[in-house]
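Remarks on the structure that follows.
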Amino acid sequence: MKISVSKSRNSLVTWLLVLAMVGFPLAATIVGFAGTDTRSITIPYRILVFSLATLILLTGLLSPLRGKPSVILLLFFCLYFFRLFYDTNFANNQFAPDALQFFLVATMMPAFAIALTLDHKFDEALFASRLLLAAALSVVGYNVLIYTGRISPEYGARASLTALNPIALGHVAATACIAATYIAMYRRKLVWILIAVLTLTISLPTLIAAGSRGPMVALAAALIWFGMTNKKRALVIIPALTLGAFLLPQDALLIERFRAVFIGLDLSSLARLELQEAALADFMENPFFGKHFMDASFGEGSWPHNYFLEAAMAMGVPGLVLASMLVIGSFKAAVTCVNQTNPLLVALLVQTLVAAQFSGSLFGNEKLFALFSAVLALEKLNKRQAYVSNEPREPNTRRAIKSIRVSGFSR
């Protein structure tokens, strides 16, 4: 019974990670096809994620949970929870109640489930296959909606969906490219290689059509990390990236937006810079405890769009220190052991962490905290296995263990 529960739990954990990475974009694509109100699908989707995380934790009643959450992650979550709780109940920030609810249901709960249930049987190849298919479905779905005339690009000429802005669409296309690269390099079956190539063929134009600089920078960073941490991968990825840089269409909106950085900031960049300057001022005004999770005077969605700056603004120096320790600890884990056994998870972490410097919020970044949890949990598991394998035994230990097993079986 324990073996079957363990296998089922590991399979569910891979689905939880897939949903954390590309679940919402897939739900947004379904909204496009259904033509319904966004909340009629996205709210049930959030309930699904919460229910899946709860179910995974409840399997601990049948088979012990082997994972152990990072202490740093626990402290970060506790401190950030108190910030959202205070802003909701005492500071009367009108946006705090929704942020608190989202943080608990969609970000913290899945991260805890992953940290507590991920074990050495985690199958990255299975995770990669499921991630590739889910990301590809989302990207293909967007293109079908465009070509059938069901939707038209919003935000000027930038690709998007009703429930998915250009930045989020660009990131799901980038995730599809990372998963496809992993599959193409590690799966031997021709059918999977063909799926990976087709996914790249569709995802790269979608990424360019989204016209967002952050997803492109995040994809490049993830692929460079993926290549530079392994010589064989470097021989393929580095030349491919170099060639791809020359083949990018020079008249694409994405290229124009990169060029604009050297000429002058556009309106969206200027608005974001204003938010970040205000966040820095809030941190300097309240360096020990932070001021608020976001400045409500700027309106909805006006968080600083920077992982470190938002942590400092919301939780002061303690929050900034914990946020930094999470990053340092995760990449220390990656370099020492996790990157050798789970390179896809680390590449996705690089993508998501780079993305968090340009867009998104702390309370809503379920991808980043799911990956923090996974990488730190795998480090603990690898250390535990190394300790057990290196533990000195007396000469007759194996014989004694065998004797105990035989006598126990006979009884």
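Along the sequence shown, residues are numbered consecutively beginning with 1. The structure displayed is predicted, hence computed values, not measured ones.
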ring-ring contact (aromatic ring centres under 6.0 Å, His included) filter on Phe82, not counting sequence neighbours, yields none

Ala279 and Leu309 have their tightest heavy-atom pair at CB-CG, 4.0 Å

Fill in: Distance-only side-chain donor-acceptor flag, Tyr182 / Glu124, under 3.5 Å
yes

Are the aromatic rings of Phe77 and Phe103 close, with centres under 6.0 Å apart?
yes

ask   = Which word best sums up how the rings of Phe122 and Phe127 line up, parallel for under 30°, tilted for 30 to 60°, or perpendicular for over 60°?
value = tilted

- Task: Assess the side chains of Asp295 and Trp303: does a donor N or O sit below 3.5 Å from an acceptor N or O?
- Result: no

task = Give a yes or no on whether the ring-centroid distance for Phe76 and Phe369 is below 6.0 angstrom.
result = yes

Residues 86-102 vs side chain to side chain donor-acceptor pair (under 3.5 Å), sequence neighbours excluded, gives Arg83-Asp87

Given the options Phe363, Tyr80, Phe102, Thr107 meets side-chain contact (heavy atoms from CB on, under 4.5 Å) only with Phe102

Item to complete: For Thr229 and Arg233, test the side chains for any donor-to-acceptor distance below 3.5 angstrom and give the result as yes or no.
Response: yes

Pair Asp119, Asn10: side-chain N/O donor-acceptor within cut-off below 3.5 Å = yes

Pair Glu310, Ser361: side-chain N/O donor-acceptor within cut-off below 3.5 Å
no

Carefully, step by step, assess Phe331 and Trp225 under the rule ring-ring contact (aromatic ring centres under 6.0 Å, His included).
-> CA-CA 11 Å; Phe331 281 95; Trp225 173 277; 5.5 Å; yes

query: In terms of side-chain heavy atoms, does Arg130 have a donor or acceptor partner in Thr14 at a distance below 3.5 Å?
result: yes

- Task: Without swapping roles, check the side chain of Gln351 against the backbone of Ala347 for a donor-acceptor pair under 3.5 Å.
- Result: no

Determine, for Glu277 against Arg272, whether the closest basic-nitrogen to carboxylate-oxygen distance falls under 4.0 angstrom. no

